[in-house]
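Take a look at the structure below.
Positions are given from 1 along the sequence. Just so you know, ligand 1 is whichever comes first in the structure, and atom 1 is the first atom listed for that ligand.
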Amino acid sequence: MHAFTAVLAVFTTISRLAEGRSSLHVHSAPTFVRPYVIEHYAPAQAVALGQQIYRFPVTGASSGGAFSLISTSSPSSSELGSIPHRHQTHHENFFCLKGRFQLWAEDEARLLTVGDYGSIPRNTTHTYQILDPDTEIVGVLAPGGFEDLPFFLADSNYTSSTRTPYVPTTPSNSSSGSPPEAIITALRSLDVYAQLDYAPRTDLVNGSAPSGNGWHTTTDAVPTVNFTPYFVAKDYGEKYLNRENGYQIVQPFVTNVTGGGEFTQGSVTISRQFNATPSAYALPGHTAFEVLEGALNVRMQMETVMLITGDVAFIPANTSFEYWSDVAFTKFMYVCQGVQGLDQQLLVNAEAWGFSVFPTA
Ligand SMILES: *[C@@H]1O[C@H](CO)[C@@H](O)[C@H](O)[C@H]1NC(C)=O
Ligand SMILES: *[C@@H]1O[C@H](CO)[C@@H](O)[C@H](O)[C@H]1NC(C)=O
Ligand SMILES: *[C@@H]1O[C@H](CO)[C@@H](O)[C@H](O)[C@H]1NC(C)=O
Ligand SMILES: *[C@@H]1O[C@H](CO)[C@@H](O)[C@H](O)[C@H]1NC(C)=O
Ligand SMILES: *[C@@H]1O[C@H](CO)[C@@H](O)[C@H](O)[C@H]1NC(C)=O
Ligand SMILES: *[C@@H]1O[C@H](CO)[C@@H](O)[C@H](O)[C@H]1NC(C)=O
């Protein structure tokens with residue numbers, strides 16, 4: 001072999017190893033739109049804000065400005081996770097991937113456990129508190145670019161050769177006072193409007209208020225109007241069964257109404273698809289999947305990758321892809337730009353379904 005080619009081959013091997021198991025795997029969200037897969041805890045681009053570690057599997061740059069997907073890993077805290085605030089240009093969506101946190105939105109409060117979702121539309125005053133030792137919040141923000149805020153506020157960049165979720169230290173007691181006026185002013189340019197007069201209500205029953213909202217006991221319908229905060233407890237939302245390629249159960253968190261036409265979000269539960277053709281699509285908007293349970297195979301650009309809990313796939317608009325499960329029960333979260341996303345494609349041939357599991361045969 002020609003010496004130069006040999007050197008090149010070695011470099012190619014090293015860079016492939018560095019990037020992971022396929023050419024789709026990356027360590028950080030790309031700075032331009034391309035198909036990619038990023039493993040849970042992999043993002044090399046992570047920052048520390050106090051004891052919270054922020055990771056950025058999808059950014060404004062990697063999604064062409066459509067949305068950001070930002071995860072926050074943290075131990076429990078006796079303090080609020082942020083000062084109470086609102087956003088004027090970002091719709092923020094909280095999802096509990098691990099652990100437990102309290103979410104307040106105006107005069108509503110809910111305790112979010114694994115699989116629960118909360119919608120914080122623009123101009124909704126909100127705050128949160130992390131309650132369990134290994135909690136992970138998945139935040140979806142539309143439009144993209146909200147990562148500028150944690151980058152601005154970061155105490156330090158976070159790296160870990162073990163990819164541990166956060167630094168296992170006992171935190172020194174941090175002051176919970178409000179930030180200096182100069183910071184509060186600067187935050188406005190990052191779409192954070194501090195609401196220092198807001199007092200999160202403390203009259204919670206089982207983590208929830210006001211009373212009688214049926215949290216984790218009755219169905220949570222997604223509103224048919226925009227701009228009100230709402231919450232969907234895991235498996236208490238609306239469910240639709242699609243029987244086209246094995247079974248798929250769609251559970252919407254954000255619809256073409258509540259997403260204001262910008263995006264939709266929800267979960268799909270998928271059965272093992274033996275003897276079935278994988279679902280194949282090329283969607284008109286950018287799409288992200290995050291696996292919540294089981295293992296999801298995604299095939300795009302002639303490569304197949306298997307994603308497990310916390311792994312994210314980003315599929316640009318008009319990119320042909322297939323997905324399927326080789327294990328009995330796989331569940332993933334979708335975020336779709338626009339109103340013709342995967343959810344709409346599946347809903348066209350779906351029936352209302354009263355269960356969070358698929359039929360026995
Ligand atoms: C949010 O509040 C700002 C300032 O009051 C206002 O200009 C804007 O129209 C509001 N946005 C929505 C969606 O209500
Ligand atoms: C994190 O790293 C970036 C890029 O190297 C640098 O610009 C930034 O100042 C660092 N942030 C902190 C808080 O150290
Ligand atoms: C932190 O605060 C707790 C409760 O107020 C106190 O018991 C503890 O000694 C403090 N720890 C430090 C390191 O100051
Ligand atoms: C609070 O939780 C307890 C234990 O699960 C339950 O018995 C009780 O009914 C709940 N209260 C309300 C108001 O939901
Ligand atoms: C919104 O979604 C519903 C339910 O899938 C569908 O019937 C309706 O046509 C959609 N509307 C638009 C504007 O996409
Ligand atoms: C996707 O393809 C359609 C039809 O060819 C085109 O109109 C649209 O601009 C494409 N979208 C992107 C983001 O490339």
Side-chain angles (χ1 to χ4, degrees), residues 84-93 100 102 105-106 108-114 116 119-126 131 141-143 146 184-185 187-198 201-244 248-268 281 283-285 287 317 334-353:
H85 62 279
R86 21 171 105 157
H87 311 298
Q88 288 189 8
T89 55
H90 290 88
H91 181 165
E92 182 164 13
N93 302 271
R100 228 166 34 113
Q102 187 73 50
E106 304 289 353
E108 301 277 336
R110 297 290 186 284
L111 177 64
L112 272 72
T113 52
V114 173
D116 294 347
S119 172
I120 310 294
R122 294 172 177 85
N123 291 348
T124 303
T125 300
H126 62 282
L131 298 175
L141 293 113
F146 194 74
I184 290 191
T185 305
L187 290 177
R188 290 190 197 119
S189 65
L190 296 166
D191 194 31
V192 172
Y193 295 81
Q195 305 291 313
L196 300 177
D197 296 337
Y198 178 80
R201 62 190 296 170
T202 54
D203 58 333
L204 312 177
V205 178
N206 295 348
S208 192
S211 64
N213 58 47
W215 186 233
H216 277 268
T217 54
T218 59
T219 304
D220 296 311
V222 175
T224 53
V225 293
N226 203 350
F227 304 122
T228 57
Y230 64 91
F231 310 87
V232 181
K234 178 177 190 281
D235 295 330
Y236 284 94
E238 294 156 34
K239 294 173 269 289
Y240 301 93
L241 180 67
N242 176 297
R243 303 167 181 266
E244 289 172 303
Q248 299 190 66
I249 300 166
V250 184
Q251 301 194 53
F253 299 149
V254 181
T255 63
N256 53 11
V257 173
T258 59
E262 291 172 279
F263 74 108
T264 57
Q265 186 182 347
S267 72
V268 173
Y281 293 102
L283 299 167
T287 302
Y334 60 82
V335 185
C336 300
Q337 181 187 21
V339 292
Q340 293 173 291
L342 178 67
D343 50 330
Q344 293 296 320
Q345 308 292 328
L346 292 171
L347 289 173
V348 168
N349 289 309
E351 66 202 78
W353 181 246

List every atom of ligand 4 that sits less than 4.0 Å from any heavy atom of Val205, numbering the atoms from 1 in the order shown and giving each element.
13 (C)
For ligand 5, which atoms, with element, lie under 4.0 Å from some heavy atom of Gln344?
2 (O), 5 (O)
Do you see a donor-acceptor pair shorter than 3.5 Å between the side chains of Arg86 and Thr125?
yes
Quick one: nearest non-hydrogen protein atom to atom 10 (C) of ligand 4, plus distance?
Asn206 ND2, 2.4 Å
In terms of side-chain geometry, is the basic nitrogen of Glu108 or Arg201 positioned less than 4.0 Å from the acidic oxygen of its partner?
no
The protein heavy atom nearest to atom 7 (O) of ligand 1 is Gln88 OE1, 4.7 Å
What residue among His216, Arg100, Lys234 forms side chain to side chain donor-acceptor pair (under 3.5 Å) with Asp116?
His216
Identify the protein heavy atom lying closest to atom 3 (C) of ligand 5, giving its residue, its atom name and the separation to 0.1 Å.
Asn256 ND2, 3.6 Å
I'd like to check atom 5 (O) of ligand 1 in this structure: does the protein have a heavy atom lying under 4.0 Å from it?
no
Please report the C-alpha distance between Arg122 and Glu92 in whole Å, then the side-chain angles of each, then the deciding distance to 0.1 Å, and finally whether the salt bridge (charged side-chain N to carboxylate O under 4.0 Å, His left out) criterion is met.
CA-CA 8 Å; Arg122 294 172 177 85; Glu92 182 164 13; over 6 Å; no
the protein heavy atom lying closest to atom 9 (O) of ligand 1 turns out to be Asn123 ND2, 4.8 Å
Leu346 pairs by side chain to side chain contact (heavy atoms under 4.5 Å, CB included) with which of Tyr240, Tyr334, Tyr281?
Tyr281
Closest to atom 13 (C) of ligand 1 among protein heavy atoms sits Phe227 CE2, 3.8 Å
Thr258-His91 side chain donor-acceptor pair, cut-off 3.5 Å:
no
